[in-house]
Amino acid sequence: MYDVVHEPLITPSCAAAALDWYDRHRRALPWRSEPHEKADPYVVWLSEIMLQQTTVAAVKPYFAAFLARWPNVSLLAQAPIDEVMRQWAGLGYYSRARNLHACAKRVAGEFDGRFPDTEAALRKLPGLGPYTAAAIAAIAFGRRAAVVDGNVERVVARLFAIAAPLPAARALIREKVEALTPSARPGDFAQAMMDLGATICTPKQPACAICPLLDHCAGRASGEPRRFPVKAPKRERPRWRGAAFFVRRADGAILVRTRPPKGLLGGMVEIPGTAWSADFDPGAALREAPIHAPYRKLESVVEHVFTHFALRLDIYVAEIARTSRAPAGCRWALEGDLDKEALPSVMRKVVEAARKGGKLFGGGD
DNA sequence: TACACGTGGTG
DNA sequence: TCACCAAGTGT
């Protein structure tokens with residue numbers, strides 16, 4: 001076995017092959033304009049923010065709802081932030097929603113409602129990092145920009161059989177993308193590479209046989225395209241515990257509170273609870289209850305997995321007199337209106353468990 | 001550079 | 001059951 005170096009030629013043919021494939025096999029997505037149509041920067045921006053670390057399937061309904069409610073950036077800029085957080089609830093990475101609103105206000109205020117049309121200017125806006133600034137510059141404004149997301153990383157790492165592990169290999173991958181990106185149709189090229197990564201050059205089972213870049217691909221030539229990209233090992237995820245207190249007033253109102261604007265679930269609404277930690281003491285949970293009440297601990301628990309820890313919550317439920325006042329930092333929300341609150345998914349699980357548990361023991365509605 | 005930051009689907 | 005992953009950004 002010879003130690004052959006497979007080095008694809010960086011010629012227009014590679015980009016041309018990707019573009020040709022894109023013209024025939026591109027995905028139809030709600031935020032995508034036809035090749036001859038002009039892209040709406042607002043639509044491109046909104047979709048790109050939502051798509052950060054988020055699947056197409058998850059984004060679709062949120063994108064439709066946002067666009068229907070706020071058809072342009074100036075209208076979004078005028079919306080109350082709480083409205084935006086509510087509309088974003090369930091999509092995750094909530095700092096994106098805060099930055100989305102901040103960005104809309106900047107564009108409406110400083111740029112008269114029109115997004116800046118260069119990568120450098122876009123990069124200065126909140127929520128726009130290297131990927132998103134390049135993507136908008138290329139897709140919405142036809143600028144030649146190196147668009148590198150997770151898909152492109154994978155495709156390019158395979159194309160060049162890059163052996164260096166991520167994230168250190170990012171600089172090299174970026175150089176390769178920079179060299180590959182054509183001056184003509186840079187936006188379509190970027191989307192072609194992303195579609196390739198999403199549908200052909202997939203993480204587990206790449207469909208090399210039908211890949212338009214097959215003849216260019218060193219990873220394929222190596223016989224083991226799945227080896228690329230090489231990744232550094234991940235840290236293990238700690239298990240945290242805590243408790244939540246579902247308090248229902250006699251008139252059906254539920255005690256809720258809004259989390260601080262920054263950090264985990266920043267600015268979102270929650271059912272009050274203890275702090276979450278690895279050394280949570282279940283026996284001492286009631287000491288952290290937000291309000292005095294005859295709590296009953298449910299048998300069922302709520303489990304939820306965040307990016308960097310797994311959480312198990314004990315659920316306490318209680319009925320309380322109609323005259324009870326909300327403690328500092330909390331407020332009452334009508335149970336029927338909880339759907340409309342900016343409840344993150346983990347808190348929707350808490351509400352669901354409390355309702356189910358409450359009924360089971362005959363204490364409920 | 002490394003870590004915080006959500007969620008739901010998938011093999 | 002569980003690790004992996006999906007159009008990353010901010011600090």
Side-chain angles (χ1 to χ4, degrees), chain A residues 26-27 29-32 43-63 85 88-100 102-103 122-140 145-155 165-171 174 177 187 189-199 201-205 226 229 231-240 259-268 270 276 303-311 342-349:
Chain A
R26 68 201 205 89
R27 291 178 290 175
L29 298 172
W31 42 86
R32 230 173 225 182
V43 166
V44 175
W45 165 72
L46 180 61
S47 65
E48 289 298 344
I49 300 298
M50 288 185 167
L51 286 162
Q52 289 168 1
Q53 295 288 286
T54 308
T55 57
V56 165
V59 165
K60 279 180 177 175
Y62 285 84
F63 174 79
M85 300 309 287
W88 195 277
L91 196 55
Y93 283 136
Y94 297 100
S95 66
R96 290 187 295 174
R98 203 163 283 282
N99 283 332
L100 184 85
C103 182
L122 286 162
R123 183 68 180 77
K124 292 184 165 63
L125 294 170
L128 303 210
Y131 162 75
T132 307
I136 297 173
I139 297 170
V147 179
V148 186
D149 75 329
N151 287 305
V152 177
E153 272 180 7
R154 184 171 57 256
V155 171
L166 291 175
R170 293 233 161 89
R174 185 179 180 71
V177 174
F189 174 75
Q191 293 178 93
M193 295 292 274
M194 291 191 279
D195 272 19
L196 268 178
T199 63
C201 196
T202 56
K204 301 283 178 67
Q205 295 292 331
R226 282 175 302 180
K231 294 191 176 182
K234 293 191 172 148
R235 278 201 320 174
E236 70 176 286
R237 182 154 44 210
R239 296 168 183 278
W240 288 8
R259 294 174 64 91
K262 305 223 168 185
L264 185 69
L265 306 175
M268 302 298 284
E270 68 177 354
W276 304 340
E303 310 246 23
H304 192 77
V305 179
F306 293 89
T307 306
H308 55 296
F309 67 96
L311 180 64
L343 287 174
S345 291
V346 60
M347 287 301 149
R348 293 187 188 270
K349 288 185 187 176

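Every chain is numbered from 1, with letters handed out A, B, ... down the list of sequences.
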(message) Would you say A/His304 places a side-chain N or O within less than 4.0 Å of OP1 or OP2 belonging to B/dT7?
(response) yes
(request) In whole angstrom, give me the gap between the C1' atoms of B/dG6 and C/dC5. (result) 13 Å
(message) Can you measure A/Tyr94 atom OH to B/dC5 atom C1' for me and round it to whole angstrom units?
(response) 11 Å
(message) Could you go through A/His308 and A/Arg235, starting from their C-alpha distance and side-chain angles, then the distance that decides it, and tell me whether this counts as side-chain contact (heavy atoms from CB on, under 4.5 Å)?
(response) CA-CA 9 Å; A/His308 55 296; A/Arg235 278 201 320 174; 5.5 Å; no
(message) With a 4.0 Å cutoff (strictly under), does any side-chain N or O of A/Arg235 reach OP1 or OP2 of B/dA4?
(response) yes
(request) Would you check if A/Pro344 and A/Met268 make a side-chain contact, meaning some heavy-atom pair closer than 4.5 Å? (result) yes
(request) Sugar-phosphate atoms are those with a prime plus P, OP1 and OP2; base atoms are the rest. Using that split, label each nucleotide of nucleotides 6-11 of chain C B, S or - for protein heavy atoms under 4.0 Å, 5' to 3'. (result) BBBSS-
(message) Whole angstroms only, please: what is the CD-P distance between A/Glu236 and C/dC2?
(response) 12 Å
(request) Calculate the interatomic distance between A/Met85 atom CE and B/dC5 atom C1'; express it in whole Å. (result) 12 Å
(message) Distance check, C1' atoms only: C/dG8 and B/dT1, in whole angstrom units.
(response) 16 Å
(request) Could you tell me whether the phosphate oxygens of B/dC3, OP1 or OP2, come under 4.0 Å of any side-chain nitrogen or oxygen in A/His308? (result) no
(request) Can you tell me, in whole Å, how much space there is between the P of C/dA6 and that of B/dC5? (result) 22 Å
(message) Rounding to an integer number of angstrom, what distance separates B/dG8 and C/dT9 when you compare their P atoms?
(response) 22 Å
(request) Flag the pair A/Tyr93 / A/Gln53 as yes when at least one side-chain heavy-atom distance between them is below 4.5 Å, and no otherwise. (result) yes
(request) Between B/dC3 and C/dC4, how far apart are the P atoms? Round to whole Å, please. (result) 15 Å
